[in-house]
Structure formats: structure tokens, C-alpha cells
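Naming convention: chains lettered A, B, ... in sequence-line order (proteins, then strands); numbering from 1 in each chain. We use all heavy atoms of the structure for the numbers below, so side chains are in, but hydrogens, waters and symmetry mates are not. Worth saying up front: this structure is predicted, and the values here are computed from it rather than measured.
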There are 2 protein chains.
Amino acid sequence: MILPLHLTISEQLRDRILSGGYRSGDRLPSEHQLMAEFAVSRITARRAISNLTQQGLVTVKRGKGVFVATQQKVTYSLSNPMVFLEADLDRQGVKVGIQTLVFEAVAVPSEVAAILKCSIVYLQKKILLFNGIPGCVDVTYILPKLGAAYESELRQHMTFTTLERHGIEIDKIDATISCTQADYETSAQLEVTLGHPLIVYRHTAYNQDNCAIVHGESISRGDRFCYSAQIVR
Amino acid sequence: MILPLHLTISEQLRDRILSGGYRSGDRLPSEHQLMAEFAVSRITARRAISNLTQQGLVTVKRGKGVFVATQQKVTYSLSNPMVFLEADLDRQGVKVGIQTLVFEAVAVPSEVAAILKCSIVYLQKKILLFNGIPGCVDVTYILPKLGAAYESELRQHMTFTTLERHGIEIDKIDATISCTQADYETSAQLEVTLGHPLIVYRHTAYNQDNCAIVHGESISRGDRFCYSAQIVR
DNA sequence: AAATTAAACTTGTTATAACAAGTTGAGCGA
DNA sequence: TCGCTCAACTTGTTATAACAAGTTTAATTT
């Protein structure tokens with residue numbers, strides 16, 4: 001089985017990373033050094049680096065070099081109050097900041113109409129900062145009564161933290177978790193490369209009357225976050 | 001804000017795809033046609049295509065062309081019997097096939113030792129085929145007593161289907177869901193490109209005595225599968 | 001000594017070129 | 001008609017080349 005040059009090189013570099021030859025945060029050889037070491041053209045050396053980037057093993061910084069990526073994920077726990085809270089992340093040593101991009105009443109989009117039985121809803125788009133670094137883009141639709149009542153608080157805190165604080169109890173959440181790849185807009189917001197893996201948490205929250213009150217989608221950096229759940233019979 | 005050529009081209013093609021100009025399964029212009037249409041070199045045209053590939057919008061087939069990817073994901077439901085079963089997928093029109101690569105007793109690996117209180121465990125590696133197409137790589141560690149007793153059945157059916165059929169009830173599952181990118185080996189097994197997004201379901205199952213009996217990791221194609229759960233207070 | 005400048009790095013973009021290899025269909029021959 | 005071959009497509013790999021644009025360091029100037 002013969003492999004293309006770029007793959008044999010990237011596999012070799014991969015071995016060095018996984019075996020500990022290059023450690024987390026270390027700089028890899030520069031393109032020129034790789035060209036010399038493996039006697040290949042720059043295009044091939046760059047392709048090898050690109051292969052590693054795509055596997056999430058390294059990150060590239062223009063003008064500086066190629067560095068071994070550090071893994072270690074922050075966990076969103078779904079079981080606690082059914083959604084993650086600031087306090088939950090604080091325990092993992094993470095301070096959450098919220099940067100609200102949009103908060104406005106809008107006509108309910110067609111995808112959401114079947115879920116939230118309303119013609120007008122509040123739409124909030126926000127970026128979550130974790131220790132100051134953007135890690136999640138969140139789009140939430142919320143019933144107009146709630147959105148209007150708690151706007152100032154919703155702008156600065158997590159949706160469910162705010163609702164719980166005002167005695168609005170969530171009884172059930174329908175959730176799906178999937179993954180996707182960053183498009184240009186999202187890649188700019190999360191400061192990642194195009195195609196960066198993202199983990200998507202799409203949820204609908206219901207109150208005690210089984211009435212949907214919140215529907216949203218949280219898109220987080222896949223290299224930094226994961227979801228945990230405890231499922232009991 | 002000026003963008004590199006390859007990005008302006010890929011964004012333009014992206015618009016055509018999302019707006020329905022090119023529909024699911026359609027062939028995009030060939031590299032030569034893109035070179036002519038946008039008056040760029042082949043390397044730039046290829047980079048534009050690569051941008052779309054990384055966003056999961058198109059798939060490339062050598063010798064044939066570039067085609068708009070079809071989305072539509074199969075859902076693993078976590079709430080039913082806490083793990084997905086063949087019957088569950090059958091309802092979605094998917095026939096599951098199992099191709100066992102490894103089934104053997106091994107010394108318990110260090111990562112698993114803290115979970116399964118055993119020195120020897122059965123290790124099963126399998127590829128799950130969905131309507132004949134590989135979609136998931138699964139690595140499962142199972143208590144030796146269970147592995148030995150049900151080997152022939154475990155080789156051909158889902159782990160939990162087999163256990164349930166023999167009256168072994170799962171009381172609790174600790175699960176985490178994360179995403180990652182295909183390395184070379186996985187990309188070959190799942191027939192995807194290097195770096196393809198993957199969704200990882202890592203779980204530990206406990207019986208009525210709160211004793212861990214199964215620990216495993218399912219790595220599925222992120223473009224084809226998602227997980228759903230219903231979380232109730 | 002401090003500030004500025006320039007040189008020497010780094011990665012990013014883009015062009016031209018050639019050959020390899022998978023796919024398809026037209027045309028030829030049996 | 002059937003089957004084969006070959007030409008004309010397609011994408012994949014690799015080299016050479018040039019310039020752009022961040023980053024760092026050393027030299028120069030103030």
C-alpha cells in the first residue's frame with residue numbers, strides 16, 4: 001500500500017506527537033525545515049501540516065509557526081438542572097462571559113413556529129466567552145412574555161439561570177446533540193479555521209404545563225467542549 | 001474587508017448551494033469550469049472546493065466530480081432503553097449490519113481499569129454498517145463472564161440488545177458526547193476524508209448492583225448521525 | 001537608553017506546469 | 001449486437017516560483 005508523500009509525512013509527525021516526541025504547545029518544524037528534512041516541495045510540506053490541522057492535532061499561527069494543540073475539554077453537564085449553569089462551569093475553573101449580539105422581538109421563523117406556539121418571539125444571539133475566549137455561539141428563541149420581562153438579565157446571564165432565579169421551572173427538555181463544521185461566519189466568531197469541528201446542542205424546554213417556552217441552539221467548539229449525561233432507568 | 005480569492009469563490013458557491021441554485025446531489029462545475037468562470041488558477045479553484053468540503057457542503061469523487069452533499073441525519077435515541085437498538089433504527093428505515101473486527105480477551109487497559117473492576121476483559125472492535133454503508137466504529141470492553149457467555153451473539157448484534165435479551169438489565173449509564181476529527185485509520189474504516197467530523201459517544205453501563213459491566217466508545221460519522229435525549233426533572 | 005528601522009524569519013495566497021489515476025462514452029472490431 | 005480499446009473527461013499529487021503579510025530580533029538612529 002503506497003501512500004501519498006504528504007500523508008506519510010503527516011503520519012510520521014502524528015506519531016511524534018502521540019508518542020510524546022513533540023509535546024503539547026511545542027513548536028513543530030517550520031515549512032522550510034520540513035522541506036529539508038523530507039526533501040519535498042513546500043506544497044507537500046504544507047499539505048502535511050494541513051493534514052494534522054484537520055485532525056485537530058496542531059494549530060497554525062501565521063508568522064509564528066505550527067504548534068501541538070492541547071486537548072482537555074470542558075464538560076457541559078446535562079443532568080444537573082438539565083442544562084449547564086455558570087456555577088457548574090465555575091467548578092471546572094471556567095469563568096463564563098456573555099456577549100449578546102442580538103436581542104429583539106421577531107416574527108417567529110417557520111422552523112420554530114411548530115415548537116413555540118406564538119407569532120412573535122424574542123430572538124437572542126450571543127457569544128459565550130470562557131475565561132475571555134469565545135467558545136460558543138448561541139441562538140435562542142424565547143416566549144415574548146419572558147423575553148420582555150427579563151431582558152436585562154437575559155443579556156448577561158445564561159437563559160436557564162435567569163428563568164430558575166425567577167421561579168420559572170423547566171420540567172422537560174428535548175435535546176439533540178450533533179456535530180457540524182464551521183462556516184465562514186461562525187469560524188470568525190469563534191476564532192477558528194473554516195471547517196473546524198463544532199458540537200451542536202439543540203433543545204426545546206417545556207414548563208410544568210408541558211408548554212414549550214424556550215427553543216435554542218448552542219454551537220460550541222468541538223475541540224474544547226463536550227456534553228455529559230447520566231441516564232437512569 | 002478583502003477576502004482571499006478562494007474564499008470569495010467558495011462563499012459564492014456556498015450561496016448557490018444554500019439558496020437552492022445547486023440542489024442536493026447536483027454536480028458542481030468542474031475545476032476547469034471554475035477556472036474559466038472565475039478566471040483563477042487550478043490551485044485556487046481547488047482551494048475553493050476544499051473550503052466547501054471542509055464545511056461538509058460537498059463531497060468529491062475522483063474522476064467523477066464534486067457533488068452537493070445530502071444532509072439528513074439518523075438519530076440515536078438515548079432515552080428509549082438508554083441506548084439505541086436495531087429496532088429503533090429500523091423505524092427510521094435503516095438496517096444495521098455488524099462487522100466484528102476484534103473479539104478477544106485482553107488485559108484491561110489502564111484507562112478502563114478504574115471503571116471495570118477486572119484484570120481481564122473482553123475487547124470487541126466492530127464496524128456498524130447502516131444499509132450496508134459503514135457509519136460507526138465501536139470499541140467495547142465487557143466483563144469476561146458476559147463476553148464469554150454471549151460471544152457468538154455479541155459478534156452479530158448490538159451489545160445492549162444481547163444483554164437485554166438475556167435478562168441482564170442496565171440500570172444506569174454514564175455518557176459523554178463529544179466530537180473529533182477522523183485520523184487516517186478511522187477515515188479509511190468509515191470511508192471518509194481525513195479530518196471528517198465524527199461524533200463520539202463514550203459510555204459506561206451499570207447493572208442493578210451499581211456495578212460497571214460495559215464500557216465503550218462509539219465513533220460515528222458526524223454528517224450522518226446525531227444523538228437525542230429527553231431530560232426530565 | 002529608548003525608539004525606530006530593517007532584516008530575517010514565519011505562514012498565506014496564487015500562478016504555471018506536469019504527470020498519475022479513476023470514470024465515461026464513442027468508436028472500432030469481432 | 002457485444003465487447004474491447006482508446007480518447008477525453010474528471011480529480012489527485014507534486015514541483016517551482018513569486019509575492020504578501022504577520023512576528024521576532026538585531027542593528028541603527030535618536
Problem - B:Glu31 CD - C:dA18 C1' separation (whole Å) - result: 15 Å
Practice task
Whole angstrom is fine here: how far is it from CZ in B:Arg47 over to P in C:dG12?
Solution key: 8 Å
Exercise for the section: Would you tell me if any nitrogen or oxygen in the side chain of B:Thr44 comes within less than 4.0 Å of OP1 or OP2 on C:dA15? Expected result: yes
Handout entry: Pair B:Tyr201 + B:Tyr227: ring centers closer than 6.0 Å
Key = yes
Completion exercise
Per atom distances to the B:Arg62 side chain, the nearest of D:dT24, C:dT10, D:dG12 is D:dG12
Fill in the blank from the handout: Between CG of A:Leu3 and P of C:dA20 the distance, given in whole Å, is 19 Å
Practice task
Indicate, with a heavy-atom threshold strictly under 4.0 Å, whether A:Arg42 touches base, sugar-phosphate, or nothing.
Solution key: base
Practice task
Send over the distance from B:Ile43 CD1 to D:dA15 P, rounded to a whole Å.
Solution key: 12 Å
Practice task
Check whether any side-chain heavy atom of B:Gln92 lies under 4.5 Å from a side-chain heavy atom of B:Phe130, and answer yes or no.
Solution key: no
Practice task
Rounded off to whole Å, could you give me the CZ-to-P distance for the B:Phe38 and C:dT13 pair?
Solution key: 18 Å
Exercise for the section: For the side chain of B:Ser30, starting at C-beta, report the closest nucleotide among C:dT13, D:dT14, D:dT10. Expected result: D:dT10
Practice task
Indicate, with a heavy-atom threshold strictly under 4.0 Å, whether B:Arg46 touches base, sugar-phosphate, or nothing.
Solution key: base
Handout entry: Nearest-nucleotide 5' precedence on DNA chain C, A:His32 against A:Ile2
Key = A:His32
Fill in the blank from the handout: Checking C:dA15, C:dA21, D:dA15 against the side chain of B:Val40 (C-beta onward), the nearest is C:dA15
Completion exercise
Whichever of A:Ala39 and B:Val60 has the more 5' nearest nucleotide on DNA chain D, that residue is B:Val60
Fill in the blank from the handout: For B:Pro29 and B:Glu37 the tightest heavy-atom approach is CG-OE1, 4.5 Å
Handout entry: Rounded distance in Å - CG (A:Leu34) to C1' (C:dT10)
Key = 13 Å
Problem - B:Lys95 NZ to B:Leu89 CG distance, which is reported to the nearest 0.5 Å - result: 10.0 Å
Exercise for the section: Please report, rounded to the nearest Å, how far the C1' atom of C:dT14 is from the NE2 atom of B:His6. Expected result: 9 Å
Exercise for the section: Name the nucleic acid region contacted by B:Ile49, choosing base, sugar-phosphate or nothing; use a 4.0 angstrom heavy-atom cut-off, strictly under. Expected result: nothing
Handout entry: Side chain of A:Lys64 (C-beta onward), nearest among C:dT13, C:dT24, D:dT24
Key = D:dT24
Practice task
Would you indicate which nucleotide in C:dT23, C:dT10, C:dA15 comes nearest to any side-chain atom of A:Arg27?
Solution key: C:dT10
Practice task
Please state how far atom CE in A:Met35 lies from atom C1' in C:dT11, giving the value in whole angstrom units.
Solution key: 13 Å
Exercise for the section: Inspect the contact between A:Glu191 and A:Arg224 and indicate whether a charged nitrogen and a carboxylate oxygen are less than 4.0 angstrom apart. Expected result: no
Completion exercise
Which of C:dT14, D:dT14, D:dT10 is nearest the side chain of A:Ser41? It is D:dT14
